[in-house]
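Since the structure comes first, as structure tokens, the remarks are kept for the end.
No hydrogens, no waters, no symmetry mates; every other heavy atom, side chains included, goes into these values.
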Amino acid sequence: MKTANASIVFILCFAFAPAEGEDGGRDGLTYSRDIAPIFQNHCQDCHRPGEIGKMSLLTYKEVRPWARAIRKAVKTGEMPPWDADPKFGKFKNDVSLSREEINKILTWVDGGAPEGDSKDLPEPRNFVSGWNIGKPDAVFSMQEEYVVPARGTVPYKYFVVPTGFKEDRWVRAAEVRTGARDVVHHVIVFVSEPEDKLKKGLKASPAARARGLFFSNLLCGTAPGEGPDRFPPGSAKLIKAGSDLIFQCHYTPNGKVARDRSRVGFIFAREPVRRVYTRAALNSWFKIPAGEKNHKVLSKHIFRQDSWLVSLMAHMHLRGKSFRFDLYLPGGEKRTLLNIPAWNFNWQINYLLEKPINIPSGSRVECTAYFDNSKGNPDNPDPKSIVRWGDQTWEEMMIGYLNYVPQDEELIQPGVPGRED
């Protein structure tokens, strides 16, 4: 079931009476020895102070009151959130639980959720407060706060942030942190290079400059469920000397005035790298009929040079139903790279491939999306409307993002920058 907010789902799912404690659990399972490692690997990135999870799951004391609700969320597959069909592709950021891990959690709760011996606990993970990528080498914030009104529709807002870079910087990890999480639906950060400013005119509005960039120089972003951008070893995204960052912010008023000053942090590459590019296989010409429950929309991207594909991300809005990426090789062979059978607008994942995929020149990636514009879709804003492309959530989008590295580009040795804040 889709909801207005993934973290609220978690709270509602967990609002059950806690299990009664016992000294010993079934099959001898304890939190310290058997369950804590699972939570470390699958839950704590989100469920710790300052992150999207509304409760912390770092310690037994924090976990114990939610034991019964954890059981329910794990059994139904609501948590941890992972929407990819396991039959296609392997991904570095797969947080889904194995059947063995699920059974351990169920058995542990049914046995009274005992703590066990603290000596059996794994070493705690070393988190950097406020960041998932670790301590950034550079942080850039919007130059001033934006006041989000309590009500109404807010068009996309664009904010220019000069980098002041005197030389090129190569970014191997990037993370966007919003300043007002409750009202920020997404932030996309584009790079506006010096030549872009000359082409578009220095006085061009941020929105005009961003539209000119389109998706050709997308650096990073955040949306519900989307984690930081981490690029494979030996690859990075380029920010040229003298570039500006353009923040595209989508605000969704929630009845209270809010103030946002989002920021982005970078970790720079120091080893030789090739450049990562982002391309968007999109279709902006669709028309979804009123009441249609299974409307198909296609898009594609053709690779003009041998490349390594490193990640995939789908984007739709509230009527999105499913999304699939299929690779067609020059000889005609078809391979499904990623299938998302139940799209969730509130949990949009950037799927990081476990290993880069070799894409020969002439290959194409086709994206197939289905939309549910019927009254049977509980999230549908208006099943009586014909729906076309648009920025707002009651309109629609169809985008398949592809991050890839051309194989014929030379390795670049970045400089060794100092810290910049």
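A donor-acceptor pair under 3.5 Å is absent between the side-chain atoms of R169 and the main chain of P414, judged by distance alone.
Of all heavy-atom pairs spanning E226 and N350, the tightest one is CG-CB, 4.4 Å. For the pair V276 and K237, the tightest heavy-atom approach, listed with the atom from each and the gap, is O-CG, 3.7 Å. I349 and N93 make their closest contact through CG2-ND2, 3.8 Å (heavy atoms, listed as atom of the first residue, atom of the second, distance). Considering all non-hydrogen atoms of both residues, V128 and K135 come closest at CG2-N, 3.8 Å.
Remark: aromatic rings of F345 and H185 are close, center separation under 6.0 Å. Taking the six-membered ring where the residue is Trp, the centroids of F165 and F140 are separated by under 6.0 Å. Aromatic ring centres of Y156 and H186 lie closer together than 6.0 Å.
Identified under the salt bridge (charged side-chain N to carboxylate O under 4.0 Å, His left out) test for residues 79-90, with sequence neighbours left out: D85-K87. Sorted by first then second residue, the salt bridge (charged side-chain N to carboxylate O under 4.0 Å, His left out) pairs that include residues 343-370, not counting sequence neighbours, are R364-E366. Residue pairs meeting the salt bridge (charged side-chain N to carboxylate O under 4.0 Å, His left out) criterion with at least one partner in residues 287-296, sequence neighbours excluded, do not occur; the list is empty. Sequence neighbours left out, the pairs with a member in residues 37-52 that pass salt bridge (charged side-chain N to carboxylate O under 4.0 Å, His left out) are D45-R125, R48-E51, E51-R177. Legend: ring pair (Phe, Tyr, Trp, His ring centres under 6.0 Å) pairs involving residues 217-248, not counting sequence neighbours: none detected.
Between M55 and H47 the shortest side-chain heavy-atom distance falls below 4.5 Å. Residues V109 and I70 fail the side-chain proximity criterion, which asks for heavy atoms closer than 4.5 Å. When side chains are defined from C-beta on, P356 does not count as touching V405, because their heavy atoms never get closer than 4.5 Å. Annotation: side chain of R319 is in contact with side chain of N380 (closest heavy-atom distance under 4.5 Å). Under the 4.5 Å side-chain criterion, counting only non-hydrogen atoms from C-beta, R230 is in contact with N132. Looking at heavy atoms from C-beta onward, V161 lies out of side-chain contact with R263 at the 4.5 angstrom threshold. Looking at L309 and L327, their side chains never come closer than 4.5 Å, going by heavy atoms from C-beta outward.
Using cut-offs of 30° and 60° on the angle between ring planes, the pair F303 and H301 is perpendicular.
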Apply salt bridge (charged side-chain N to carboxylate O under 4.0 Å, His left out) to residues R275 and D168 and explain how you reach the verdict. CA-CA 12 Å; R275 186 174 179 179; D168 293 350; over 6 Å; no
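For the residue pair N403/S311, the side-chain donor-acceptor check at 3.5 Å is satisfied. Judged purely by distance below 3.5 Å, without hydrogens or angles, the side chains of E78 and T76 pair a donor atom with an acceptor atom.
Residue D326 is tested with L338, V365, T336 for a side-chain contact (heavy atoms from CB on, under 4.5 Å); the sole match is T336.
Atom OH of residue Y351 and atom CZ of residue F88 lie 13.5 Å apart, to the nearest 0.5 angstrom.
Residues forming a side chain to side chain contact (heavy atoms under 4.5 Å, CB included) with S385 (at least two apart in sequence, or on another chain): D382.
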